[in-house]
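Reading through the structure tokens given below for one structure.
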Protein chains: 2
Amino acid sequence: MTFETAATSSSPPAPPPRVSAMDDSPKGRILTAAAQLFRTRGFAKTTVRELAAEVGIQSGSLFHHFKSKDAILESVMVEVIEFNTSRLIAARDAETDPVARLRALILTELNSISGDTKEAMGLLVAEWDALDGEAQSRVLVLRDRYEKLFLDAIEQARDRLVDIDPFILRRLIYGIQSGTRTWFNPDGPLSTSDLVDLVMKLARDKESS
Amino acid sequence: MTFETAATSSSPPAPPPRVSAMDDSPKGRILTAAAQLFRTRGFAKTTVRELAAEVGIQSGSLFHHFKSKDAILESVMVEVIEFNTSRLIAARDAETDPVARLRALILTELNSISGDTKEAMGLLVAEWDALDGEAQSRVLVLRDRYEKLFLDAIEQARDRLVDIDPFILRRLIYGIQSGTRTWFNPDGPLSTSDLVDLVMKLARDKESS
DNA sequence: TTGTCGACCGAGCGCTTGCTTGGTATATCA
DNA sequence: TGATATACCAAGCAAGCGCTCGGTCGACAA
């Protein structure tokens, strides 16, 4: 797994943006391995020994970088939300038409959920309950900021969308997006863009002007 | 949690159907408690001691009824799928019009996912990876049978639905349904029936005849 | 050269885990 | 009366868990 955005350009002067702290530092390597292991084996079933082995260090050395196993989970969640929020902002700012803007957000989120940050995004749902109350509050603040980007976009495109309350429509769309991780393969016959077209087909019932 | 269907009638001669093996037998009581605990605390984090305490017996006594903790999880999954499959069949057979039939299936599934079997249904997704390969295969057979009911219904109503491949449309709808468990409250201002209406609003773009 | 620091090792502590075992109480039925 | 089966208890084992701790090592600054 990587947190770089897919390189769409081949020109050397424009390196892919690195937003996350999941770099080649010791902490970054732990977070990268943790995202994968926690997701594939589950948080509770992943042992600190397994995680350490994946990074290539002794289990005790993990606690030089993080104060607990729980703190590693929280850190992964924080990083992935912040990274994907900044992606969402970039996508929003690249479009002006309300419907095109909403489509861009959906495309970006689909890429987060079924693309490059798939494992870490899945963690947010699958292991949410593994976080204690205080950690949940901290992460929730970031999630709300993320969600607001969607809500604003839906509200601004409202008159060209199916007549459903924006808050609920966002939840229906998020359900679809979230569900893709169990069946959708971005490299399969149906492209990510095709899939977004289908979602937009459901979400809007009026022709764009 | 109970696996009885909601009592819609108050007449004594018509008791609510009991389809599942999760009755008042020792096994049934274990399965009922397991569904709740596994879902709220997670499978790996739920100890056999906690489960036994919930049932009111000693931890060792669990293994008189099930050969392992894993076997309990598999049993819960099998029971909930079989129960909800039979519900789906009943819903299907109560309607003849293709669109009305699809709506009935969606309503029934929504009730399974966000209603009375919420905890156990959530387990199927959340703890799927906790099952070993052989157990997954066994449960998958039951899931396929369940999914076929939906696919058939969508195919039969196809000409009155939005023009999306039935297989994919089913997945989009399932995503919506599955997503409801994190935000939808059947006893809230939006009723289950209202929510199904919204889903149908997305799924069909032609007026029924 | 010396001091400081981050990264890491290796051993292991205290505790919890899933599960086993030997035995008891009650009910059913021949 | 005695045999058989079900349901359960009390005790505990072996393994594995998250985490701690004293110490080592190389990089870098003074």
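Just the heavy atoms: all of them, side chains too, but no hydrogens, waters or symmetry mates, feed the values below. The sequence lines fix the lettering, A, B, ..., with proteins before strands; numbering per chain opens at 1.
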Side chain to side chain donor-acceptor pair (under 3.5 Å): pairs with one or both residues in residues 40-52 of chain A, sequence neighbours excluded: Arg41(A)-Glu50(A)

Atom pair distance, as rounded to whole Å: CG in Leu62(B) and P in dC8(D): 10 Å

Qualifying residues under side chain to side chain contact (heavy atoms under 4.5 Å, CB included), relative to Thr182(A), sequence neighbours excluded: none

Those residues that, when tested against Ala52(A), pass side chain to side chain contact (heavy atoms under 4.5 Å, CB included) (two or more places apart): Ile57(A), Ser59(A), Leu62(A)

Pair listing, salt bridge (Lys or Arg N to Asp or Glu O under 4.0 Å) test, anchored in residues 172-184 of chain B, at least two apart: none

Pairs flagged by salt bridge (Lys or Arg N to Asp or Glu O under 4.0 Å) wherever residues 51-75 of chain B is involved - sequence neighbours left out: Glu74(B)-Arg138(B)

Pairs involving residues 168-177 of chain B, ordered by first then second residue, that meet salt bridge (Lys or Arg N to Asp or Glu O under 4.0 Å) (sequence neighbours left out): Glu109(B)-Arg170(B), Glu147(B)-Arg170(B)

Reading 5' to 3' through nucleotides 22-29 of chain D, protein heavy-atom contacts under 4.0 Å coded B for base, S for sugar-phosphate only, - for none: --------

Pair listing, ring pair (Phe, Tyr, Trp, His ring centres under 6.0 Å) test, anchored in residues 33-55 of chain B, at least two apart: Phe38(B)-Phe43(B)

Sequence-aligned protein contact record of nucleotides 14-20 of chain D, with B where the base is within under 4.0 Å of a protein heavy atom and S where only the sugar-phosphate is: ---BBBB

Protein-nucleotide distance (Lys27(B), atom NZ; dT6(D), atom P), rounded to Å: 11 Å

Partner residues of Ser178(A) under the side chain to side chain contact (heavy atoms under 4.5 Å, CB included) criterion, sequence neighbours left out: Tyr174(A)

Those residues that, when tested against Leu107(A), pass side chain to side chain contact (heavy atoms under 4.5 Å, CB included) (two or more places apart): Arg103(A), Thr192(A), Val196(A)

5' to 3' contact window, DNA chain C with chain A (heavy-atom distance under 4.0 Å): dG6(C) to dG12(C)

side-chain contact (heavy atoms from CB on, under 4.5 Å) evaluation trace for Leu198(A) with Ile176(A): CA-CA 11 Å; Leu198(A) 295 183; Ile176(A) 291 176; over 6 Å; no

